[in-house]
Amino acid sequence: MCLAVPGKVMEIEERDGTRMATVDFGGVVKEVCLEYVPDLVVGDYAIVHVGFALQRLDEESARRTLELFEELGLLQEEFGDPWEAAAAEEAMQAQEARK
């Protein structure tokens with residue numbers, strides 16, 4: 001699944017002529033391109049999809065959305081290790097086959 005996830009801008013820098021940010025998604029930190037929302041500043045929240053900040057978001061909405069995503073397990077699905085997820089799914093299928 002590929003979600004648009006809210007995150008908090010922690011640092012901003014220009015890299016090879018592109019405005020980039022370090023963004024915290026509830027404990028998972030990723031690099032994000034700010035070219036679509038160039039006026040974001042450190043401390044702002046933004047909706048991010050496939051590495052691009054798409055829209056500014058207020059802090060309360062961002063926190064509620066992150067909490068909901070975490071409750072639903074969507075953050076792990078979005079940011080988790082795909083090899084670990086595949087191994088867990090394979091183990092579950094093997095367990096089901098033994099029943």
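Contacts classified as ring-ring contact (aromatic ring centres under 6.0 Å, His included) and involving residues 2-30 (residues at least two apart or in different chains) are given here: F25-F79. Counting only residues at least two apart or on different chains, the salt bridge (Lys or Arg N to Asp or Glu O under 4.0 Å) pairs with a member in residues 17-36 are R15-E31. Residue pairs meeting the ring-ring contact (aromatic ring centres under 6.0 Å, His included) criterion with at least one partner in residues 45-65, sequence neighbours excluded, are Y36-F52.
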Only pairs under 3.5 Å count here: list side-chain donor-acceptor contacts from residues 66-73, not counting sequence neighbours, and write none if there are none.
none

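The structure places CG of L57 at 11.5 Å from CZ of R63, a figure rounded to the nearest 0.5 Å. Atoms CD and OG1, on E60 and T65 in that order, are 9.5 Å from each other to the nearest 0.5 Å. A distance of 12.5 Å separates CE in M10 from CG in D44, rounded to the nearest 0.5 Å.
Partners of A21 according to the side chain to side chain contact (heavy atoms under 4.5 Å, CB included) rule, which considers only residues two or more places apart in sequence or in another chain, are V9, I12, V23, L34. Under the rule for a side chain to side chain contact (heavy atoms under 4.5 Å, CB included), the partners of D39 that lie at least two apart in sequence or sit in another chain are V37, R56. Residues satisfying the side chain to side chain contact (heavy atoms under 4.5 Å, CB included) test with E14, not counting sequence neighbours, are none. Residues satisfying the side chain to side chain contact (heavy atoms under 4.5 Å, CB included) test with E11, not counting sequence neighbours, are T22. Here R98 pairs with nothing under the salt bridge (charged side-chain N to carboxylate O under 4.0 Å, His left out) rule; sequence neighbours left out.
Other residues, nucleotides and ligands place more than 12 heavy atoms under 6.0 Å from the CD atom of E13.
Side-chain contact between P6 and V48 is absent, with no heavy atoms from C-beta onward closer than 4.5 Å.
Nearest approach of A53 to V32, heavy atoms of both residues: N-CG1, 3.4 Å.
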